[in-house]
Amino acid sequence: MTNWVIKGLRTGVKSTRYPRAEETAAGCSPGLPAATRLPSDLAEMIVARCPTGALERSLEGVDVDLRRCVHCFRCTRGSNCTVDWSGGYDWAGFATERTGAFGPPFGRSLHILVVDTGDCGACLSEVKQLNNPYYNMHRLGFFLTPTPRHADVLLVVGALTEQMRLPLRKAYDAMPTPKRVVAAGACALSGGVFGRSFICSGGVGEFLPVDVEVPGNPPPPLAILHGLMVVAGRKPPASLYRRVENSSADEPR
Amino acid sequence: MPMPFVLAATLLTCGAGIVLSLVLDDSRIPALLGCLGAIASLLLLVLSGASLFTGTSFHETLWTIPQLGALTLSLDRLSALFLFISGLVLLPASVFASGNLFRYLGKYSLRTYCILYFALFATLVLIPISADALSFLMLWESMSILIYLLVNYEHEEKEHTRAGYIMLAIGEAGTIAVALAFITLARNGSLEFAAMKAAGIGLGEEARWSVFLLAFFGFGVKAGLVPVNFWLPQAYTSAPGSFVPVLAGATLNLGIYGIVRVNGYLLPALTPGPGLVALIIGSVTAILGILYATTQSDLKTLLAHSSIENAGIITAALGAGFVFVALKHYPLAAIAFAAALYQMLNHSIYKTLLFCATGTVDSHTGTRNIDRLGGLIKVMPLTAGFFLVGALSIAALPPFNGFDSEWLTLQTMLQSAELASTGIKIVFAICGAILALTAALSVTCFVKAFAMSFLGMSRSEAAAQAERAPRVATVPMGFLALLCFLLGIAPTYVIPILDGPIAPIAQAARAADALVPPFFAGNPHHNELPAAFVADFHAIGAQVGQSVMPARGLIVMHRGGAANPVVFAMSTFYTAVVLALMLLGTYVVFRLIISSSRAVDRRVVWDGGIRRLLPEMTYTGTGFSNPVRVIFEAVFRPTMVEDTSETVGKHFRAAIRRTRGENHVLDRLILDPISDAALQAANGFARMHHGFLNAYAVYGLAALLVALLVARFA
């Protein structure tokens, strides 16, 4: 009965040291492709391999739109030409220039409503990890809430299906201002492997004003945590586009 | 104007009403009823008010009937209080009836209604002032019959007829019990109350008990006490919406009047036993009443059960008063009687208000079922507001009137600490706990009654498209709501008035002395009180606002003795002022600081994201009260009848239907055994009737023999 105290003290803190330090545990992130300098013919070939159009041809190689990448690794499986692959998990970024993070009053107490708009289960499984002892998002002041009336952040996962449009709109309307929307996962950001179809829109952003986007398919828990830190204003946002340096093309297509 | 003339004018107005309704056309009757009813009520208020406030009284002997004695009328302060309450109820109820009656035009005879109404009005006036048993019983009997006729006004409905019969039967039983009590009391041959009171002093203990029990349960029929109240919910539900306010506001009080008059005034108890019986019966009545009220879904039946609860609280306080009188704690007795009469006054006002609102809802939506109503506040805002006032009052929330009297009642129960006997203290403690539970449940009950009928979504077309109540309905309700508020914030003015009627039954003790600090009563220097005592009151803030506030603020419950120098104090007036200031302050702060900087974005209510929120999906009254039903399952003891006929292939049941039946706990424990026994006895006697002429001849012969033998040897 009393053993657990001693056992707990002996075990020590097992939670991740993120965000104070880098997380280095193996398999904590699948990684994403990096922008790679390549000759034009090879770049052409690699871009054609990408099923979701995440890779884009640029003048000096291949640019990456992280919002579309589904970690299929097809771009790394070639005998002679591959893109560079980068690890890490600080992927979340602002969707548009206008939206901003929450100010200080919300920084350490953020209530989150999770809405599944057609998820396969992968993203939800990662969201679920956030509450386990390892990621333990309570320590950062993030709380899940079952009602939009208490929510500051709407965390949307899954491809936005036709049936979930109304519930999503109602949940967003029911949230008190100020409110922010975080879309997590390639499906929520761009439609993912489902793309744009008769039953599924090409991303939540077409329907709601999304503030922060978390790439990944599914995004690892640390990436979602980074997205929440970004929306709380406690971490700088990352860029959602990776471009070959010194490229003359400034604007992504 | 001398009082007999005012009385004669009141009765003449009633007579004029009867005569005019014989002459006038049916469509003119409602206006006639409203006008003459209001005039008669005002005259009644003048008559009783003069006696209640100034203490004047009159005593008139009308006729002497040979063998039976004189018919006398006498108006003292006790009668005046009941008459005044009747007047306060009948004034708005008459006006309300004039608007509500039009729904019967062409279906039932309004002329009959008007005649019965004014006849009942006259008996209601005369019963409290009849000063001998004979006229009292005659009037009581005519009241029973008139009420029966009015309850059964919509006589084409089978249920109403049945309810009327049950009421008539139990009412007659009550009258017989009361008559027996009077006969026991009239030992020296006179049926006048004054002579009976004198004769009662020498009565033995057994006779005292029998008079108490006969009168208590005989009058308890009208008051709605356990176990003789099973007629009440059915009768209240069947009575026309325009009449049920009178039933709850005026005739229920007459049952209380009988108990006070006979058991408190004519034959005060010498032992605490009768008082304890009244206390226990009152508490049981209260808790059963509110339990059944909470689970009702018919608004009118709910209010009827809640009337039973209130009658229980009144009786419990009366019982406490009887105990205190018997044990010679006269100031405490005065407090208990003040609490009882105050509760009765309040009940009459808020129950009339609630029944008027329910009648309005009924006539505008065609249903009283809470589960079919909802959202009425949008279509009938005034009615909803007044119902809310009534609900707050009856749920005993300040600053409305129910709070004052229930607080006093509960405090009275706590005062049993002064008594010497441990057994009596235990009874008081248990009854006090039951009354506290009752008060809590009544909040649940009226949250349900108000919220489920007036808030949320409309659960039927009729509720969504109801029209606004006309002024003839809202004005009486507004008058009653105002009374609820005034009686709630000014108990310090009401209690001294109640002292007049209480004085004869509490052996001249004054509740006001114990309840209201006299230094607000007039003398600013309060010389009559010791300085240390006044300082005690100042320490709890009794002098706050003495110079600025228009009303005497504080009710002080009890000063305590030297051994326990405790002061229980409460001020509903200050509470109301503080409440108003807080609401105003919040509004101002909101307007000034918050609202100016942020716009409010109004969207549809959060419904869990479903496509369409149907009224059927929202919380119903039945669902709201279900926890109470589950917790008190042992009392309700529901029976589940499974009647399913839809089967596939003779053994696979496609649908199961369960009808839930409930048998009232009193029916189960008392009424059903009695009726079963009577039926069995009748079956036994029926065996004698087997149709042979010879057998009947033998019965006749045997009876003759027995009679002869008795005549020979007895």
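Computation of the quantities below employed the complete heavy-atom set of this structure, encompassing side-chain atoms and omitting hydrogens, waters and symmetry-equivalent molecules. Note on naming: letters A, B, ... go to the chains in the order of the sequence lines (proteins, then strands), and numbering restarts at 1 for each one.
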- Please check if atom CD in B:Glu467 has more than 12 non-hydrogen atoms from other residues, nucleotides or ligands closer than 6.0 Å. no

Between chain B and chain A, identify all donor-acceptor pairs below 3.5 angstrom, including backbone and side-chain atoms.
residue, atom, partner, partner atom, Å
B:Arg603, NH1, A:Asp173, OD1, 2.6
B:Arg603, NH1, A:Asp173, OD2, 3.3
B:Asp607, OD2, A:Lys170, NZ, 2.7
B:Ile610, O, A:Lys170, NZ, 2.7
B:Arg611, NH2, A:Gln163, O, 3.4

- Message: Quick check on the interface: out of A:Ala171, A:Pro146, A:Pro148, who has the most heavy-atom pairs with chain B under 4.5 Å?
- Response: A:Pro148

- Message: Are more than 12 heavy atoms, taken from residues, nucleotides or ligands other than A:Phe102, located less than 6.0 Å from that residue's CZ atom?
- Response: yes

- Note on the structure: Correct closest heavy-atom pair for B:Ile610 and A:Leu166 would be O-CD2, 4.2 Å

- Item | A:Pro167 to B:Gly609 - nearest heavy-atom pair and separation | CG-O, 3.2 Å

